[in-house]
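Source: prediction; values computed, not measured. Every chain is numbered from 1 and lettered A, B, ... according to where its sequence line falls, protein lines coming before strand lines.
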Amino acid sequence: MTAAFDEAVLRGVVPQVIAVLVRRGADFAAAEDAVQDALVEALRSWPDDPPRDPKGWLVTVAWRRFLDAARSDAARQRREAAVDLEPAPGAAAQVDDTLRVFFLCAHPALTPTSAVALTLRAVGGLTTRQVAEAFLVPEATMAQRISRAKRTIAAEPFDRPGDPATVRRVLYLVFNEGYGGDVDLASEAIRLTRELAALARDPETDGLLALMLLHHARRAARTRADGTLVPLAEQDRSRWDTAAIAEGARLLQAALAEDRRGEYQLQAAIAALHADAPSAAETDWVQVVEWYDELLALTGSPVVRLNRAVAVGEADGARAGLAALAEVDPALPRHRAAAAHLHEKAGDRAVAARLYAEAADLASSRAERVHLIRQAARLNGSG
Amino acid sequence: MPKYLILKHYRGVPAGTVNDHPMEEWTPDEVDAHMAFMDAFGKQLEADGEFVDAQALSPEGAFVRANDAGTGPMTDGPFAETKDLIAGWYVVDVDGWDRAVELAGQLSLAPGKGGRPIHEWLEVRPFYGAPSHQD
C-alpha cells in the first residue's frame, strides 16, 4: 500500500466519474449527487485504506449510491432497466465527456455565482463545505445554491457542445475569487484551466492560463504580513515566482504565434511586460500602452480604458494620463484612485489627497480601503 | 454564554470630542497602528473563546422600503442620517452584558491621530436570548 492519500488526485478524477455515470444513464444532477456522496466516503476511508485504482473506486461507489437513490424512486426504475442495455463507456469518449461537464457547469442559463459554485463542485471535486468556506457562506446556503443550479440545467442535453469562452469566463471568476477556507481557489483555477487546455486546444485558453500564472507569480509580494496591499510599483520583485513567470511567458509566446488573439492573451501580454521589468520605472510602458490599445479595440471595455489611462500616464507623463482619463466614465469603481495617482504624479498633492480619501469610501474591500486611506494620509501628512 | 453585537460606526467619533480627526488626516503609521490594534483585538477575542464573527462593511449602501404597491423600493439617501453609517461589527459570545460593555470599551480606545485613543462611540446590542442588561 504505497499510494498516499492525495486530495488533488481525488478531485482530479471527479468530472470523469460524473461523465461515466451520465453515460450509463444517470441524469447530471443525480450523477453529481452520487459522486459527492462517494467523495465524502473517500475523504473518510482513503487515508486508512487507499484504493489501488481511485477512479474505479469512485465509479463503483458512486454508481452504487446512484442505484440506491434510483431504487427509492419508482420512476427511476425504468432508467435503471435501460442502463443494463447501455454499452460500457469507452476510453476515447471520456475526454469529450469531461469537457462536456465543464460546458454544462458554465452554462449561460446559470448566474455567474452559481456557475462558479457548480464548477468547483462538479469539475473541481470540492465538497459543498469547501465551496461554502471559499465563499464565506454557510454550508446550507451553498447546498441550496448548488441544488438550484442543477435544477436550472436539468433539461440541458449533455451531448451538445458548449462555448469554451463561457468556461474560460467561469474559470477566471474562480481565479479572482481569491482565498477562503482550506482551498486556494487561485491554484484550483489554474489546475482546472490546465485541464481545459489539455482537453481542447485553443490559444485563448493558453492565454488565460498564462495570465493566471503571471498574476499568481506575484502573490507572495502582493500583501504585507499584516494583510495590507502592496502596489505593483512597490513590490519586492525578488519574491516573484520566476518559474511561474517563465511558464506563463512560454505559453503566451506559443499562443500569440497562432495569431488568433483574444482578450486573455492580450491581458497576459501586459502582465508579461510587468513580470519582465526589473522595476516599475524600467517597465516598457510604451509597449504596455500598445497592448492596451489592442485590448480596447477588441473589447471596448471601460475598465480597459481606465487602465490604459494609467499606463499612458507612465509612458507619456501625468498630463497625458489625465487627458486619457478624461475620456473614461467617472462612475467606474477605480476612477478616483487612478485620478488621485495621476494628480499626485502631476504634482497636485492636495487634489490627490482629497481624491484618495474619496476613493477610500468607494473601495470594494477593507484592504483596498486601508491602502487608499494610507495614501491620503501620506500626502496630507507631508503637505 | 449570551451573544452581543458590537457595532462600529463610520462617523463614530462625535465632533469636538477627544480625538476627532478623520482617518485620512492621520499619518500612514497611525493608520497602521489603528488597524494593528483592531487585528490584535480580534485575535485576543479568538484566544479567549469569545469571538463569533467580525466583518467590515463598505460605506456604500441604501435605506430601502417598498412603496404601497409593494414594488419599486424607495431609497432615502444612503442612510437616514449619515452618522448611522456602520463600518463593521464584532459578534462576541461572552459571560454577559458587563463583559460586552468592557470589550466595547477596549475597542473604543483604538489609537488614532498622534497615537492617542479615539474614544469612538460603539453600539452594543444583545442578541435575543441574551439576558437583558436591565435584569
Side-chain angles (χ1 to χ4, degrees), chain A residues 132-133 135-139 141 178 180-181 223-231 233-234 330-337 339-341 343-344 349-383, chain B residues 3 7-13 19-44 46 51-62 77-79 82-91 107 110-116 118 120:
Chain A
E133 277 183 9
F135 282 84
L136 305 174
V137 301
E139 189 172 347
T141 306
T223 47
R224 297 186 187 87
D226 61 1
T228 52
L229 301 179
V230 186
E234 294 165 28
L332 274 183
R334 289 193 172 81
H335 187 280
R336 272 194 182 71
H341 171 74
H343 274 288
E344 182 184 356
R349 297 175 70 90
V351 178
R354 178 177 54 78
L355 287 167
Y356 273 127
E358 286 176 19
D361 272 354
L362 301 170
S364 61
S365 74
R366 180 170 176 262
E368 193 184 329
R369 178 182 162 79
V370 172
H371 170 70
L372 291 166
I373 291 258
R374 281 182 100 262
Q375 298 290 74
R378 178 175 52 80
L379 293 179
N380 281 328
S382 55
Chain B
K3 289 190 177 62
L7 282 182
K8 285 177 61 67
H9 292 251
Y10 265 106
R11 310 287 179 255
V13 185
N19 199 357
D20 169 27
H21 297 276
M23 225 181 198
E24 61 265 23
E25 291 178 11
W26 306 358
T27 69
D29 286 348
E30 286 164 358
V31 176
D32 289 348
H34 182 82
M35 302 322 290
F37 177 95
M38 306 286 291
D39 286 343
F41 183 79
K43 288 203 176 78
Q44 186 59 48
E46 283 187 58
F51 181 87
V52 177
D53 185 39
Q55 298 286 335
L57 292 179
S58 152
E60 285 186 280
F79 288 93
T82 50
K83 70 170 191 266
D84 285 343
L85 278 169
I86 294 165
W89 67 70
Y90 289 85
V91 176
L107 197 52
K113 182 105 187 129
R116 289 175 294 120
I118 53 175
E120 175 181 37

Please determine, among B/D29, B/V31, B/D32, the option with the most heavy-atom pairs under 4.5 Å with chain A.
B/D32
Run the side-chain contact (heavy atoms from CB on, under 4.5 Å) test on A/R374 and B/M35 for me, step by step, so that the C-alpha distance in whole Å, both residues' side-chain angles and the decisive distance to 0.1 Å come before the verdict.
CA-CA 11 Å; A/R374 281 182 100 262; B/M35 302 322 290; over 6 Å; no
Of all the heavy-atom pairs spanning B/S58 and A/A363, show the shortest one and how long it is.
OG-O, 4.3 Å
Least distance between heavy atoms, A/A377 atom then B/M23 atom:
CB-O, 4.4 Å
